[in-house]
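Numbers for residues simply follow the sequence, beginning at 1.
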Amino acid sequence: MNGTDNARIATAELAERPRHAGGSTITRSQTLLFAASVGIIVTNLFAPQTLVGLIGPSLGAAASASGLVSMATLLGYAAGLFFLVPLSDLVENRVLVLRMLCAAVLAAAVASFAPSATSLLVVLFVLGAACSCIQVLVPVAASMAPPGQEGRVIGDVMSGLMIGILLSRPIASLVADAFDWRAFYGISAAALALLAILLGLTLPRRRPLAQARYAGLIASLVRLLRQEPVLRRRAFTASLVMAAFSVFWTAVALRLAAPPFDLGQKGIALFALVGAGGAAVTPVFGRAGDRGFTRSATILCHLVLIAALGLAAWAGAAKAGGAWLPLILMGVSAVLLDIGVTGDQTLGRRAVNLLQPKARGRINGLFVGIFFIGGAIGSLLAGLAWAWGGWTAVCATGAVFGVVALVVDWVE
């Protein structure tokens, strides 16, 4: 960041106190609750990707339409980011979170009994939109952080989010393998209901500072993006690394199912568990941001991401012989990739959360919405790269995203 950006963020930090009703600072148990909450909620967004092969045939959907199942939740989430999350700058946040969670509970319960593909798509869209309450919870946690510790709190909460993302696929696979895909949504509905009760009892009230109408808040999204260079840069690099993340995780199951790995569904699920280890270092990057190392830590994240994809390409090039060493190296590359992605997102969230207190909900919605678009592009390119040049082309595509992010760092 340049001097002007740092001065504006520092001013925002001072203008932010007190930032929620009651003035209490966040405790360790509250931080853990926030992290667990976003981790549980986010599983609903990525689990459908591993359940598509089961959902489509059971509901009589054509193979060409099965991909809509995983897309419906993501599209709903994107809609929630742009049209529901801005309400956090207008509506008392505790009430908003609980209402969105109740909608998610209802949607997940209905999904477990959906009689047709069309009805399921509608319900999953609603479920995805309701799950955007994640981006209401993260700013609430940041607003409760003591002065100078926003990065630590955001990093701790983000570790729960990334663990939820990484575990969603293996958990859904294991539940579906033991029961069926409907059981996953039944369990999710129960978990979300329990979460709503816990948050209802513990979540502090946070009344937003903005004085505007809903239509004005939505119209202000473009203006905020134009006014805030930090938001533009951080959202852009976050979208690039999320694209690399999606390229890898969309195609890695295809590579692991082929020789010399020959992993089945359970083996691939266990591999995904290994990648979750990368989320453990998320708080480290939050603390690095608090200590003024945002730019150097961001560059490190992008270098790690590029190195991870290079290692994955080399490990995945094995065609025959012993599979253990290549598989171990693939696991290491997955952990390194997740470290790079979670580190970039943590540093980015810290930066954008300190920009405008009155617009925190909208800024978070923009930030996440933009990097979510990057993830969607990565998923699309993963299939094209796999069909064109196999695993090497997949890793090269992801590495290109990392290189572009690194160029943005240097230009900055």
Side-chain angles (χ1 to χ4, degrees), residues 43 46-54 70 159 162-178 241-282 301-344 375 378-379 381-402:
T43 58
F46 295 92
Q49 295 177 354
T50 195
L51 299 176
V52 165
L54 300 175
S70 61
S159 65
M162 293 309 300
I163 289 174
I165 292 174
L166 297 171
L167 294 184
S168 59
R169 297 179 184 91
I171 289 174
S173 295
L174 294 174
V175 170
D177 184 67
V241 298
M242 192 63 180
F245 176 89
S246 295
V247 165
F248 178 89
W249 284 105
T250 299
V252 72
L254 300 174
R255 183 63 191 94
L256 294 176
F261 306 112
D262 296 315
L263 297 184
Q265 190 67 34
K266 290 182 179 180
I268 294 172
L270 292 174
F271 179 86
L273 289 174
V274 174
V281 301
T282 304
C301 289
H302 298 160
L303 289 172
V304 168
L305 182 146
I306 296 169
L309 289 163
L311 178 61
W314 184 70
K319 300 296 183 182
W324 283 109
L325 179 58
L327 184 60
I328 291 173
L329 294 178
M330 286 282 278
V332 172
S333 70
V335 173
L336 291 175
L337 176 71
D338 294 337
I339 288 175
V341 174
T342 57
D344 176 271
S379 295
L381 293 180
L384 297 175
W386 178 265
W388 178 67
W391 180 246
T392 301
V394 168
C395 294
T397 301
V400 168
F401 286 117

For Phe261 and Leu256 the tightest heavy-atom approach is CB-O, 3.2 Å
Thr397 and Ala385 have their tightest heavy-atom pair at OG1-CB, 3.7 Å
What one should report as the nearest heavy-atom pair of Ser168 and Phe46 is OG-CB, 3.2 Å
Heavy-atom closest pair (Leu309 atom, Cys395 atom, distance to 0.1 Å) is O-CB, 3.6 Å
In this structure, CG of Leu329 is separated from CG of Leu311 (nearest 0.5 Å) by 5.5 Å
Considering only heavy atoms from C-beta outward, does the side chain of Leu305 approach that of Asp344 to under 4.5 Å?
-> no
Between Asp338 and Val335, is there a side-chain heavy-atom distance shorter than 4.5 Å? no
Heavy-atom donor-acceptor pair, Trp391 side chain to Ala251 backbone, under 3.5 Å: no
field: Whether Phe271 and Trp249 hold their rings parallel, tilted or perpendicular, with breakpoints at 30° and 60°
entry: tilted
Practice prompt. For Ser246 and Ala243, indicate whether the former's side chain and the latter's backbone hold a donor-acceptor pair under 3.5 Å.
Written response: no
> Does any non-hydrogen side-chain atom of Val252 lie less than 4.5 Å from one of Val394?
Replying inline: no
Checklist line | Contact check, side chains of Trp386 and Arg255, non-hydrogen atoms, under 4.5 Å | finding: yes
Nearest heavy-atom contact between Ala312 and Met330 is O-SD, 3.6 Å
